[in-house]
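The first residue in the sequence is number 1, and the count goes up from there. First listed ligand is number 1; within each ligand, the first listed atom is number 1.
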Amino acid sequence: MHNIAILASGSGSNAENIARRFHDKGNARVAIVMSNKTDATVHDRMAALDVDTLTFPNEIWDKEPQLIIDELVRHNIDLIVLAGFLRKIHPAIVRAYRGRMVNIHPSLLPAYGGKGMYGRRVHEAVIASGETRTGATVHYVTDEMDEGEIVMQESIAVLPDDTATTLEARIHDLEFDLYPRAIESILQHLPDKGTPGSTHV
Ligand code: GRF
């Protein structure tokens with residue numbers, strides 16, 4: 001049984017989808033959802049599914065990474081899944097969970113990634129540039145934002161009458177299919193946990 005920790009700051013629709021998807025599978029489960037916001041909707045979604053959540057304020061995420069790592073170790077976490085977590089991950093956490101932490105980004109990385117490229121802004125930029133295709137990318141988390149090795153990426157067409165809102169909704173649908181598949185594939189190849197910090201090849 002693999003234990004997943006999800007990190008989320010907002011709505012948490014991906015977190016809910018992943019928690020539901022792995023609930024019945026028997027080989028993995030969402031053990032904890034960690035946030036930096038007490039009022040994020042993700043808490044309500046998880047309460048309905050009986051998944052525990054934990055909030056640390058931004059100062060802890062930024063300055064006390066060991067407290068976060070202690071909590072991840074206490075929950076025996078194999079894989080950290082970022083799902084709309086709007087805070088840079090402290091390098092100490094990245095180091096401790098290298099190869100065991102993934103993110104999903106709502107574009108075809110490396111396009112439309114990096115600082116300031118999140119949420120609706122990504123889709124607005126895609127439409128403004130006249131792109132005919134966009135998509136979602138699952139990648140490992142490194143110290144460089146949105147630059148880690150790509151695990152899976154899939155694209156959809158940008159339709160002539162798409163707005164940022166319609167595109168965001170269709171990308172969410174794509175993510176609900178892509179992210180659990182990517183997680184499943186990573187879990188199949190995950191080396192034994194050992195101590196946090198063991199790397200993937
Ligand atoms: C998703 O679109 C994901 O690509 C991005 O943040 C969004 C989170 O949405 N990283 P939700 O909170 O899962 O609804």
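- Ligand 1 places these atoms under 4.0 Å from at least one heavy atom of Gly12: 11 (P), 12 (O), 13 (O), 14 (O).
- No donor-acceptor contact under 3.5 angstrom links the side chains of Thr137 and His105, judged on distance only.
- Closest protein heavy atom to atom 14 (O) of ligand 1: Ser13 OG, 2.5 Å.
- Taking both residues in full, the closest heavy atoms of Arg87 and Asp62 are given as NH2-OD2, 2.6 Å, listed atom of the first, atom of the second, then distance.
- For Thr134 and Tyr112, the side-chain atoms include no donor-acceptor pair closer than 3.5 Å.
- Looking only at heavy atoms of the protein, atom 10 (N) of ligand 1 is closest to Ile104 O, 2.8 Å.
- For the 3.5 Å distance criterion, the side chains of Arg45 and Ser11 qualify, holding a donor opposite an acceptor.
- Close contacts of ligand 1 with Glu175, meaning ligand atoms under 4.0 Å from a residue heavy atom, involve 1 (C), 2 (O), 3 (C), 4 (O).
- Within a 6.0 Å sphere centred on OH of Tyr118, other residues, nucleotides and ligands contribute 12 heavy atoms or fewer.
- Using a 4.0 Å cut-off to heavy atoms of Ser11, the atoms of ligand 1 that qualify are 12 (O), 14 (O).
- In terms of protein heavy-atom proximity, atom 8 (C) of ligand 1 is nearest to Gly84 CA, 3.7 Å.
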Please determine whether salt bridge (charged side-chain N to carboxylate O under 4.0 Å, His left out) holds for the pair Glu184 and Arg181, giving the CA-CA distance in whole Å, both sets of side-chain angles, and the decisive distance to 0.1 Å. CA-CA 5 Å; Glu184 193 126 319; Arg181 275 195 286 125; over 6 Å; no
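- Backbone and side-chain nitrogen or oxygen atoms of Ala83 are examined, and none is located within less than 3.5 angstrom of a nitrogen or oxygen of ligand 1.
- Here the shortest heavy-atom distance to atom 13 (O) of ligand 1, taken over Asn14, Asn17, Leu82, Leu86, belongs to Asn14.
- Asn103 and His139 are linked by a side-chain donor-acceptor pair at a separation below 3.5 angstrom, with hydrogens and angles left out of the test.
- Near His172, meaning under 4.0 Å from one of its heavy atoms, ligand 1 places the atoms 2 (O), 9 (O), 11 (P), 14 (O).
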